[in-house]
> 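Have a look at this one.
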Amino acid sequence: MKKTIQIAALTAAAALTLAACGAAPESGSGDPSQEATGKSGGDAANVKACMVSDEGGFDDLSFNQSGKEGLDRAAKELGVETKTAESHQDADFEPNLNNMVTEGCSIIIGVGFKMADQIEAIAKANPDVKFALVDSTFQENPENARALVFNTAEAGYLAGYVSAGMTQTGKIGTFLGMKLPTTAIFADGYEDGMKKYNEDHGTAVSLVGWDKASQNGQATGDFSDVAKGKSTAETLIGQGADIIMPVAGPVGAGALAAAKEAGEGKVAVVWVDADGYNTTESGNLILTSVVKEIGAAVFDTIKAVVDGNFSSDPYVGDLKNGGVSISEFHDFDSKVPQELKDNLKQIKEDIISGKIKVETPNQP
């Protein structure tokens, strides 16, 4: 992502005050009696990998949870010590990150673009510590910080194509939590995939909730108010959409609730970030999911620290390297025609080869 939210820098006095109220790191895997050296390079015993969530928390069924899965995998497979801290508001970012520095972490991973400015500033002040950030690049690209970003427009394109092929009303919908490049990119790809389906089949499926050309659409305004997610989904359903893609983290649960209340078989949902069939309790309502392999990106970054070959070069997940994908259709598998599945396979190959170019102003 080339654009980040600019968050006002806290004063030194405020930082000291917030340090007292920020969530303290929680003990993770590894030997808690082992002294944290902050060293890295070929010796997992000397590596402590730490992670700070955004306001969604590590049980958000979305990208924070996916990030922690990568951290947990590193603890299990690499033997590194880990620590985590949950942020409940933006003001927690700086004290949580500073606490991790104090804890002697070798690499500190922030989940969520909103802490981009804080991570960049703290990385510059602590050049001996490695940092990584999910869903955002940096302004000045410190040598000890790595961006983990994802071209979800490509997977969103596939989801839009299959949604257009499965709608019964001729309308599909999407809404965002907050209107940001990292959320809008999903909707851009979703719209383009729908248009490709129309082009291939002579149909006139339309999208409600987002317009790529104007970069405007429905947004609840946050990633925590599930009730807003439900009411927004209900609005889209009222406009005729029978397949909805919420790009809103935990707020997406509101869309699942609205789909359930609409009645069996009336409305389906496209989940994002993780495979919602596995992470939610409403998998029977989920047609597919636009997946970011955040856990794999986190694991690989921690492994690079262990191996001593950490690089500040951004990781960009796409269809070609497997960094993004759409999930299996699970309960909908028998309902998706084989011809549509074959079309999707070809579309994916064409995107990977470059025959189909998925472009968006929100490209990472």
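For clarity, every value in this text was computed on a predicted model and none was experimentally measured.
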> Is the shortest side-chain N to carboxylate O distance from D200 to K196 below 4.0 Å?
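Salt bridge present between D200 and K196.
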
> Is the closest side-chain heavy-atom distance between Y190 and V290 below 4.5 Å?
no

> V324 and V358: same hydrophobic cluster, using ILVMFWY side-chain contacts below 4.5 Å?
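Yes; tracing contacts between hydrophobic side chains, which count when under 4.5 Å, links both residues.
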
> Salt-bridge test for E69 and R73: reply yes if a basic N is under 4.0 Å from a carboxylate O, no otherwise.
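Result for this pair is no, no salt bridge flagged.
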
> Examine Y161 and V291 and state if one hydrophobic cluster contains both, with Ile, Leu, Val, Met, Phe, Trp and Tyr joined whenever side-chain heavy atoms are less than 4.5 Å apart.
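No: no chain of side-chain contacts under 4.5 Å links Y161 to V291.
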
> Side chains of T288 and S327: do they bring a donor and an acceptor to under 3.5 Å?
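A donor-acceptor contact under 3.5 Å links the two side chains.
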
> Using the side-chain contact (heavy atoms from CB on, under 4.5 Å) rule, pick out the option among D342, V162, L158 that qualifies with I347.
L158

> Is any side-chain heavy atom of I302 less than 4.5 Å from a side-chain heavy atom of L78?
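Yes - at least one pair of side-chain heavy atoms lies under 4.5 Å apart.
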
> Can you tell me if D135 and T182 form a side-chain donor-acceptor pair at under 3.5 Å?
no

> Among T183, V270, V251, V269, find the residue that satisfies the side-chain contact (heavy atoms from CB on, under 4.5 Å) test when tested with P246.
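Result: among T183, V270, V251, V269, V269 is the only option passing the side-chain contact (heavy atoms from CB on, under 4.5 Å) with P246.
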
> According to the interplanar angle, ranging from 0 to 90°, do the rings of H330 and Y277 count as parallel (below 30°), tilted (30 to 60°) or perpendicular (above 60°)?
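Ring orientation, 0 to 90° scale: parallel.
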
> Considering only heavy atoms from C-beta outward, does the side chain of K179 approach that of N216 to under 4.5 Å?
yes

> Name all residues meeting the salt bridge (charged side-chain N to carboxylate O under 4.0 Å, His left out) criterion together with D350; count only those two or more places apart in sequence or in a different chain, and write none if there are none.
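So D350 forms no salt bridge (charged side-chain N to carboxylate O under 4.0 Å, His left out) with any residue.
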
> So that I can tick it off, tell me whether K68 and D59 are bridged by a salt bridge, with the cut-off set at under 4.0 angstrom between side-chain N and carboxylate O.
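No, D59 and K68 are not salt-bridged.
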
> Is any side-chain N of the basic residue among E199 and K195 closer than 4.0 Å to the acidic one's carboxylate O?
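Looking at K195 together with E199, the answer is no, because their closest N to O distance does not fall below 4.0 Å.
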
